Each structure stands twice: as structure tokens, then as C-alpha cells.
Amino acid sequence: MRIATWNVNSIRTRVDRTVEFLQRESVDVLLMQEIKCKPEQFPRQPFEDAGYELAVHGLNQWNGVAIASLSPIEDVETSFPGMPGFLKGSDGPDLPLEARALGATIDGVRLWSLYVPNGRGLDDPHYAYKLDWYAALERYVREWQAAHPGEPIALGGDFNVCPTDADNGDPSMVEGVSTHLSPAERAAFQALVDAGMADVVRPLVPEGYTYWDYKQLRFPRNEGLRIDFVLGSPAFQDLVAGAAIHRDERKGVQPSDHVPVVVDLDLPVDEDDDDRPMFL
DNA sequence: ATGTCGTGAAAGTCACGA
């Protein structure tokens, strides 16, 4: 099974090149972020014509996540338990949830398409929201793994953090000033790793960015960021057979500012039932 | 010059988010 995660930056603008990529690369499951539309606005037909099922979660023109899959999509959740909300100018619990998480089980693998809050600025309320969001996500993955020992789960998406200095090639990003680089953000990301969710791409693709700003010739200069990841539990890690970052998707007509990150899984198959993964 | 994008609302440009 081939899984990809991709911040598409508006699916309505990029549906053709998105589906072309899926077909060209034989992607079985695509985790999308920043679809920037409501479900009724999502361009379903090109995906369905290509054989994909869809799960879509969008509330307005902001954020929005979706999953396209050749295999059936089961047990869909539009937020993870404990996920915090956000409302500009408001504080406290029980704020409205944004469309930043979509969970589903596909071929026995629990998958999440995640769009972590950007943070906007170190003094911005959105930054505290980002850290809260990470902390809640860590609690969720710990609880899920405790409740489902030995089952594979992965988090794919735009994590809006450069975990290491090498992940920041954009000179406008300054330590101590910019988000994505702060010790607190890096600790929040590392806490997911410490909860068992390893970056399964890094060992196979040690170099390369996944995002280049549209401004300032960032792509031609290769001044990008590595902020899109697939993090997997130990059972998921055991399935990983390959990975790739598709840098060329930043080229051409109307590219997203992010590129797809792909992970190949070797799913063991029960000989008595080809549709049932062995680990279930 | 935040110099590029994408969206929606009001509008034939602006505000917002990234």
C-alpha cells in the first residue's frame, strides 16, 4: 500500500494535478491538507472517476482536510479526542474546532490527515493554540496506542515545525523570532516521537524540503522548509518499505507550495482472506 | 516591496491567512 500526504493549498485549484499525481505514482491513499473548501464544494468527480473513495472535512475557506483511498474508508473521525479549538479574541476551553484533523481506518491501518496550526507569531494567541494542539495530539496517540496495542497508526500532514536546523533553508526564518523553530515547538514535535511516533521518511530520505514559499524565488533558490511528515507507531514502522519526497511537484503550472511525501507499506496478507490484514 | 498565492465579500479591490 502506498500512502501520501500533501498540503494541496486549495483542492479546487489543483484537483487535476493532484489526481494526475495519484495515478502516475500509483498512490493508494492520499492524506490532504488545506483543501480550503466545504465538503459540498470538494471536486469529487475526478477522484471518483479514478477509483478513489473520499472522506472530506471542511468548514469554510480555511484549513480543511480530506482523505482519498482506493480501499474502503472506515471509522472516520473529524477531530481527535481532546483536540482544542480556536476563536480569535477568545480564550478558554470549548472554543469552536477547526477542520484540521481527519482520521480513518484503511486496510487495518489507522491514519490521520493533520494540519497543525501555523502559530503565526511567538506572541500570537495562535502560537499557544499550536502548542496546546500538539500536547493534545500527544495525549491522543498515547491513549490510542494503549487501547490498541500492536496496531499500526500513522500521522501524516503539515506539522508546521522544522524539527532540526537542517530543516530550515529559508533565510527569512530566524531563530528566536520566527515560529516553526522555537524550542517549545520542537519539544512539542519531539514529544510525539517520544510517544512512539517516529518519522518514517527521514531514515530513507535524509535530505530535502517539503515546502517553499511562493515569495522571493524560494523554490528556484531551494530555500525551503521540511515541515511535512509521516509519523508512525512501532507497528506502522515495521510495515514501511520505502519513502519519497516528490520535489518535482513544486514545479510546473500552479503548484502547491508543498510537495507530496510518500510512504510505501508492505502489508502482510492473510492467506485465507486477502482483504484482511494479518495484524487484525 | 511580505516583491506570491488562495479565498470570500463586496466589487471591479480589499481583508485575511499562510
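So that the names make sense, note that chain A is the first sequence line, chain B the second, and so on, each numbered from 1. All values reported here derive from a predicted model rather than from experimental measurement. Heavy-atom basis, side chains included; hydrogens, waters and symmetry copies ignored.
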Practice task
For A:F219, check ring pair (Phe, Tyr, Trp, His ring centres under 6.0 Å) against everything at least two apart and list the hits.
Solution key: A:W212
Problem - Euclidean distance for C1', B:dA10 against B:dA15 (whole angstrom) - result: 11 Å
Fill in the blank from the handout: Rounded to whole Å, CG of A:L217 lies from C1' of B:dA1 at a distance of 14 Å
Fill in the blank from the handout: Besides A:L225, the hydrophobic cluster formed by Ile, Leu, Val, Met, Phe, Trp and Tyr side chains linked at under 4.5 Å, directly or via other members, contains A:M173, A:L181, A:Y211, A:I227
Problem - B:dG17 versus B:dT2 - spacing of their C1' atoms, nearest Å - result: 13 Å
Problem - Distance between C1' atoms of B:dA1 and B:dG12 (Å, rounded) - result: 24 Å
Exercise for the section: Could you work out the separation of B:dA11 and B:dC16 based on their P atoms and round it to a whole Å? Expected result: 15 Å
Validation: residues 80-97 of chain A side-chain donor-acceptor distances under 3.5 Å, sequence neighbours left out:
none

Handout entry: ring pair (Phe, Tyr, Trp, His ring centres under 6.0 Å) partners for A:H148, two or more places apart
Key = A:W144
Practice task
Name every residue in residues 171-181 of chain A that has at least one heavy atom under 4.0 Å from any atom of DNA chain B, in order of residue number, or write none if there are no such residues.
Solution key: none
Exercise for the section: Sequence neighbours left out, what passes salt bridge (Lys or Arg N to Asp or Glu O under 4.0 Å) with A:D170? Give chain and number order. Expected result: A:R218
Practice task
Between protein and nucleotides 7-18 of chain B, map the contacts as a letter string: B base, S sugar-phosphate only, - none, heavy atoms under 4.0 Å, written 5' to 3'.
Solution key: SS-------BSS
Handout entry: Lys/Arg-Asp/Glu bridge criterion (N-O < 4.0 Å) met for A:E249, A:R17
Key = yes
Fill in the blank from the handout: residues 9-33 of chain A vs ring-ring contact (aromatic ring centres under 6.0 Å, His included), sequence neighbours excluded, gives A:W6-A:F21, A:F21-A:H246
Practice task
Just grab all the side-chain hydrogen bond (donor to acceptor under 3.5 Å, both in side chains) pairs involving residues 176-204 of chain A, residues at least two apart or on different chains.
Solution key: A:Y127-A:S182, A:K130-A:E185, A:N160-A:H180, A:D165-A:R186, A:D167-A:R202, A:S182-A:E185, A:Q190-A:D194
